[in-house]
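Reviewing the structure listed below.
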There are 2 protein chains.
Amino acid sequence: MNLLPNLPCMCSSVRRASRALTQLYEQALRPTGLRATQFTILQVLSRAGEVLQGQLGEMLAMDSTTLTRTLEIMIKREWVAERRGEDRRQRWLRLSKAGKSKLHRTLPAWEKVQSQLQRELGETTWKHLFRVADQLTVLATTDHK
Amino acid sequence: MNLLPNLPCMCSSVRRASRALTQLYEQALRPTGLRATQFTILQVLSRAGEVLQGQLGEMLAMDSTTLTRTLEIMIKREWVAERRGEDRRQRWLRLSKAGKSKLHRTLPAWEKVQSQLQRELGETTWKHLFRVADQLTVLATTDHK
DNA sequence: TCCAGATAGATGTATATACATCTATTGCAC
DNA sequence: GTGCAATAGATGTATATACATCTATCTGGA
């Protein structure tokens, strides 16, 4: 019996979907030992190349100081490599060899859960969802601050 | 300069939107001292009346044991009242008088941020977003487990 | 040159979140 | 009635997350 109440608050509703989705994806990724956030960072770095911590934060709509803690774990596990910039306050981040390998070994499990969900949602809703999620991110990050 | 990269992962994309949205709403709610999750729980309890902790978890797609910690804070602040069930393992939860009052004093700030976002997204996208978020929640919670 | 303000991250702290495991209780089979 | 499986939450632990504040560094003007 699934009595999902409609939540009147958009934030609550999206957060609930985010929790549910995170549980689904993390279950699929569990054998690889990657958490959702960690997988996301690997995938973004793999596409973006070397970026500053602050840039990575903007790309993920995540506070740069939050990344300090997450990256600490990922650097310790040697998935991510760092170097100080000429401006020595800055920190440049990139995927290490081990990180690239970790990502590639993780992709099959990710593709499986991702494509199953896509099938269940249908192509139209799927694409729409990407668009509206990104729109939401843009609006919410433009609005405040 | 806003270079929001498209994320290929639905989970990453929704989580990013969720973070952005949470920051927007929490900024609006900051003067009230309520976090997003706490506001959600007040609003749900206000509509659902007395519920078991496990039921609340299902309604929010949130692990019941996660609620133990969040509720501890809210009970300490006396926004939520608890009582043991006839089945003494169970815990019934409801809004206290103070909780109702807290919620009502918070609604104006919530309505402000919520309706501004609604304006910016447009009525059609807004409604669609609610539907697809709920659909996502249903699919993701049905799928696994 | 030197200093005042700005900036990039690091650190302290509070909350959110899930899972594995534990405890207390319940319900059932016998 | 006893004992065992199931269930509801509580607790231990790891990670995610943000904001306030701090530190190191940089930059521009006097």
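Convention: sequence-line order gives letters A, B, ...; per-chain numbering from 1.
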Comparing B:G85 and A:Q53 on DNA chain C - which has the more 5′ nearest nucleotide: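 In this pair, the answer is A:Q53.
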From [atom1] of [X] over to [atom2] of [N], roughly how many Å is that when rounded to an integer?
| X | N | atom1 | atom2 | answer |
| --- | --- | --- | --- | --- |
| B:E58 | D:dG9 | CD | P | 11 Å |
| A:M62 | C:dG9 | CE | C1' | 16 Å |
| B:Q38 | C:dT17 | CD | P | 10 Å |
| A:D63 | C:dT15 | CG | P | 18 Å |
| B:R30 | D:dA20 | CZ | C1' | 11 Å |
| A:L56 | C:dA8 | CG | C1' | 14 Å |
| A:L24 | C:dA18 | CG | P | 13 Å |
| B:Y25 | D:dC19 | OH | P | 16 Å |

Short side-chain N/O contact to [N] OP1/OP2 from [X], under 4.0 Å:
| X | N | result |
| --- | --- | --- |
| A:Q55 | C:dA8 | no |
| B:T37 | C:dT17 | yes |
| B:R15 | C:dA16 | no |

The answer to which of A:E26 and B:L52 contacts DNA chain D further toward the 5' end, by nearest nucleotide, is B:L52
Atom CD of A:E111: over 12 foreign heavy atoms under 6.0 Å: yes
Test item: [X] and [Y] side chains (from C-beta on) under 4.5 Å apart, heavy atoms:
| X | Y | result |
| --- | --- | --- |
| B:T40 | A:C9 | no |
| B:F39 | B:L29 | yes |
| B:T137 | A:L21 | no |

Answer with yes or no whether the side chains of [Y] and [X] bring together a donor and an acceptor at under 3.5 Å.
| X | Y | answer |
| --- | --- | --- |
| B:Q135 | A:T125 | no |
| B:Q114 | B:Q118 | no |
| A:S12 | A:R16 | no |

Residues of residues 88-98 of chain A with any non-hydrogen atom less than 4.0 angstrom from an atom of DNA chain D: list those, numerically ordered, please.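 When residues 88-98 of chain A is checked for heavy atoms under 4.0 Å from DNA chain D, the hits, listed by number, are A:R88, A:R89.
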Using a 4.0 Å cut-off on heavy atoms, which residues in residues 67-82 of chain A reach DNA chain D? List them by number, or say none.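 By residue number: A:R69, A:T70, A:I73, A:R77.
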Hey, does the side-chain of B:T66 have a donor or acceptor N/O within less than 3.5 Å of a partner on the base of C:dA18? yes
Check: D:dA10 base within 3.5 Å donor-acceptor of B:T65 side chain: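 A donor-acceptor contact between them is absent.
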Looking at B:R83 and B:E50, is there a salt bridge between them, counting it only when a charged N and a carboxylate O are closer than 4.0 Å?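 The answer is yes: the pair qualifies as a salt bridge.
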For the pair B:D63 and A:R19, find out whether any cationic side-chain nitrogen is under 4.0 Å from an anionic carboxylate oxygen. no
Which nucleotide in the list C:dA18, C:dA10, D:dC19 gets nearest to the side chain of A:R19?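 Minimum distance to the A:R19 side chain belongs to C:dA18.
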Expected output: side-chain A:H128 to main-chain A:T124 donor-acceptor under 3.5 Å: no
